[in-house]
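Only this structure's heavy atoms are used, side chains among them; waters, hydrogens and symmetry mates stay out.
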Amino acid sequence: MFPDGSFIQNLSGHNAIINTLAVNSDGVLVSGADNGTMHMWDWRTGYNFQRIHAAVQPGSLDSESGIFACMFDHSESRLITAEADKTIKVYKEDDTATEESHPVNWKPEILKRKRF
């Protein structure tokens, strides 16, 4: 939190080294790790609303599933990744998703956050 540089919160959930982060104007933070997992977060609340394990290119080893870099395109509706299996992957937002089809049952516990 600037200008003071105060610590706000930890976002925990990965069990591998995190290589890359990207955030869009909707407040979606994507983190990509060495084991090929991507987590989607609401960075304001710390809620991890989606987890994806990137599929490796046919013929690649499972150990080649790492995410090295990620970024949103200019429309911020597609996520582009550079991965250890020598591929660039493009992920598109699900335009048909609604609150009814993808319910979020979560109550933020911001007031109960630990202070570090």
Side-chain angles (χ1 to χ4, degrees):
M1 184 173 179
F2 290 107
D4 300 331
S6 302
F7 175 80
I8 298 174
Q9 67 180 331
N10 274 335
L11 302 178
S12 300
H14 277 286
N15 59 0
I17 295 169
I18 299 169
N19 293 323
T20 183
L21 298 171
V23 66
N24 68 12
S25 62
D26 290 332
V28 175
L29 171 70
V30 177
S31 55
D34 263 357
N35 62 356
T37 58
M38 287 187 293
H39 291 206
M40 314 297 193
W41 312 81
D42 177 345
W43 75 266
R44 290 175 183 91
T45 63
Y47 175 59
N48 179 214
F49 62 86
Q50 187 173 2
R51 295 176 183 200
I52 299 170
H53 192 277
V56 295
Q57 182 79 6
S60 295
L61 303 173
D62 285 339
S63 62
E64 295 177 327
S65 66
I67 313 287
F68 289 148
C70 69
M71 67 176 289
F72 286 98
D73 70 347
H74 288 290
S75 72
E76 297 187 339
S77 65
R78 289 185 284 290
L79 179 70
I80 302 165
T81 63
E83 304 193 11
D85 64 354
K86 304 173 197 78
T87 61
I88 297 169
K89 295 186 176 93
V90 180
Y91 297 87
K92 184 177 182 290
E93 179 179 18
D94 184 357
D95 295 328
T96 63
T98 64
E99 290 183 22
E100 291 80 27
S101 67
H102 294 78
V104 176
N105 300 319
W106 180 71
K107 295 179 183 172
E109 297 183 15
I110 294 175
L111 299 176
K112 297 180 183 176
R113 230 186 283 159
K114 292 180 183 179
R115 293 278 184 194
F116 293 94

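One finds the CG atom of Asn24 at 8.5 Å from the CD atom of Glu93 (value rounded to the nearest 0.5 Å). To the nearest 0.5 Å, the span separating CD on Glu76 from CE on Met71 amounts to 10.0 Å. Atom CZ in Arg51 sits 13.5 Å away from atom CE in Met38 (nearest 0.5 Å). A distance of 12.0 Å separates NE2 of His39 from CG of Leu21, quoted to the nearest 0.5 Å. Between Ile88 atom CD1 and Ile80 atom CD1 the span is 8.5 Å, to the nearest 0.5 Å. Of the inter-residue distances, the one linking Gln50 atom CD with Asp42 atom CG reads 13.5 Å to the nearest 0.5 angstrom.
Inter-residue side-chain proximity for Leu11 and Asn48 is flagged as unmet; no heavy-atom pair is nearer than 4.5 Å.
Closest heavy-atom contact between Ala55 and Glu83: O-OE1, 4.4 Å. In this structure, Trp43 and Gln9 approach most closely via the heavy-atom pair O-NE2, 3.1 Å. Closest heavy-atom contact between Cys70 and Thr81: CB-CG2, 3.9 Å. Here the closest heavy-atom approach between residue Ile67 and residue Ala54 is recorded as CD1-CB, 3.9 Å.
Ile18 and Leu79 are assigned to two separate hydrophobic clusters, defined by single-linkage of ILVMFWY side chains at heavy-atom distances under 4.5 Å. When hydrophobic clusters are built by joining Ile, Leu, Val, Met, Phe, Trp and Tyr residues whose side-chain heavy atoms come closer than 4.5 Å, directly or via intermediates, Tyr91 is grouped together with Phe72.
Checked by atom type and distance alone, the side chain of Asn10 never pairs as donor or acceptor with a backbone atom of Ser12 at under 3.5 Å.
No hydrogens or angles considered: a donor-acceptor pair under 3.5 Å links the side chains of Thr37 and Asn35.
Ring geometry, Trp41 versus His14: the interplanar angle falls from 30° to 60°, so the pair is classed tilted.
The 12-atom threshold is exceeded at CE of Met40, counting heavy atoms of other residues, nucleotides or ligands nearer than 6.0 Å.
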